[in-house]
Amino acid sequence: MQLFHRSTRVSAAFDDSNLVSAAGLVPAMALAVKTCLGELADQWLTLPGYFGANAGLKVSALVAGMVAGADSIDDMALLRHGGMKKLFAGAYAPSTLGSFLRAFTFGHVRQLDALAARWLVNLAAVAPIASGIDDYAVVDIDDTIKEVHGYRKQGSGYGYSGVRGLNALIGILSTATAAPVIIGARLRKGSSGSPRGAGKFISDVLATVKRLRGKDATGLVLLRADSAFYGHSVVAAAHRAGAKVSITARMDPAVKRAIATINEKAWTTIQYTDAVRDETTGAWISSAEVAETAFTAFVGRKKADRVHGRLVVRRIPELNAKAGEGQQTLFHTHRFHAFFTTSDLDTVTADKTHRQHAIIEQVNADLKDSALAHLPSGKFTANAAWLVLATIAFNLSRAIGTLAGADLGKARSGTIRRKLITVPARIATSARKITLHLPAQWPWETSWSELFEATCGPPRTATT
């Protein structure tokens with residue numbers, strides 16, 4: 001594509017008060033209203049003073065801006081252009097929304113957590129973002145460092161990543177038929193260790209899972225985590241909530257002794273990197289193998305605190321760096337990767353399921369590509385509130401994608417934003433009715449129309 005050869009005759013003027021650049025916010029915020037986002041904010045948030053007033057409208061405005069692509073407080077100005085005031089109420093100035101965020105204390109952030117959990121239940125009742133949860137549900141937890149610059153960010157510090165930042169603990173829920181949604185988030189100091197506060201966090205997210213499931217649900221709820229969360233508080237919190245665990249085990253002496261007891265004939269070849277299926281036998285030809293052995297975790301604690309389960313071990317041949325020089329190994333050596341599980345899944349399935357824990361990294365990347373591109377305030381609690389609002393925006397985008405059709409049900413927030421949200425439109429008013437005129441031949445017109453019909457009712461045929 002190139003510019004038209006008569007482009008020198010083109011001029012531009014910002015003078016149309018009936019244009020909007022993000023018409024997709026109409027069905028998005030209609031969905032937010034239908035799921036009572038603003039009402040829950042008014043009910044749960046008790047911020048005092050002038051800036052704490054109208055909490056429902058301000059929370060909705062911040063979420064709308066994030067859905068439309070805002071990743072800083074200044075970016076919230078995108079809600080105040082063209083004909084936005086003809087479509088929405090509560091399009092606050094960025095300075096007002098910034099003051100609202102800075103009014104948060106730790107207790108108010110916890111109120112926002114409660115709001116987000118209850119709103120997610122309402123959202124799941126309208127959009128199939130947690131379909132199949134009664135039969136099978138997987139909860140993944142992990143932390144990620146959001147890098148910041150300068151010394152004025154309250155709580156920032158150097159953690160395990162070696163960069164200056166703040167630590168965000170994230171919990172996601174996925175099922176066999178639904179893409180991940182975020183069911184919990186906590187912002188912590190940058191120097192915090194991964195397991196800090198993880199026990200309470202897991203109790204909270206599993207309580208949300210319980211609200212999302214039916215009263216008679218009996219399917220498996222599995223908590224997955226990496227070795228940083230291999231500790232008694234995490235496993236105990238999961239067991240109290242009725243969930244099974246699948247957590248990477250650190251290679252301590254007890255784990256090494258357990259691996260040494262595995263019989264050589266117990267190893268089973270699995271589908272792994274570069275694996276090939278034998279056409280005759282149907283077996284996988286692969287360098288990776290798995291086996292399991294009974295294991296009791298936390299034997300150093302009193303008997304009541306010990307947890308009985310299995311140690312599932314994957315072994316991979318250790319490559320000889322000098323094999324190309326003709327120096328062969330005297331005997332085969334392996335690298336071992338073990339995880340502790342209390343589930344009843346068979347060995348191969350348990351290993352395959354545990355490796356899918358990496359899905360949470362995609363969610364972390366999605367957040368950092370959207371509203372979490374910045375932590376915009378110097379105040380820690382304002383950034384903690386921003387994180388929770390970013391997760392609400394993520395889940396709203398996920399619901400928008402599922403209502404727009406199967407093609408966008410598992411799309412990233414950026415894809416949903418590009419195809420469904422940032423669609424320009426011209427506003428026409430006649431007989432007190434508003435009509436949105438959108439671009440002809442929009443490639444995702446069908447998906448947008450399905451979303452609009454699901455949230456606002458069937459669109460009327462516009463007259464020209």
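- Take S21 and apply the side chain to side chain contact (heavy atoms under 4.5 Å, CB included) test, not counting sequence neighbours, and it matches H81.
- Evaluation of the side chain to side chain contact (heavy atoms under 4.5 Å, CB included) rule for D344 yields no partner, not counting sequence neighbours.
- For E39, the side chain to side chain contact (heavy atoms under 4.5 Å, CB included) test picks out C36, with sequence neighbours left out.
- Of all non-hydrogen atoms in I416 and S397, the two that sit nearest each other are CD1-O, 3.0 Å.
- When atom types are taken as modelled, the side chain of D42 and the backbone of G56 share a donor-acceptor pair closer than 3.5 angstrom.
- Looking at R306, K303, H308 one by one, the single match for side-chain hydrogen bond (donor to acceptor under 3.5 Å, both in side chains) with T296 turns out to be H308.
- Taking each heavy atom of I141 and H357 in turn, the nearest pair found is O-CE1, 3.3 Å.
- Looking only at distances, a side-chain donor or acceptor of T422 sits under 3.5 Å from a matching main-chain atom of R417.
- Distance check, rounded to the nearest 0.5 Å: CD1 of I360 to CG of D226 gives 9.0 Å.
- Between F339 and H354, the two ring planes are parallel [angle under 30°; tilted spans 30° to 60°].
- The aromatic rings of H108 and F104 sit perpendicular to each other, their planes meeting at more than 60°, with 30° as the lower class boundary.
- At most 12 non-hydrogen atoms from other residues, nucleotides or ligands lie less than 6.0 angstrom from CG of D407.
- The number of heavy atoms from other shown groups lying within 6.0 Å of NZ (K368) is above 12.
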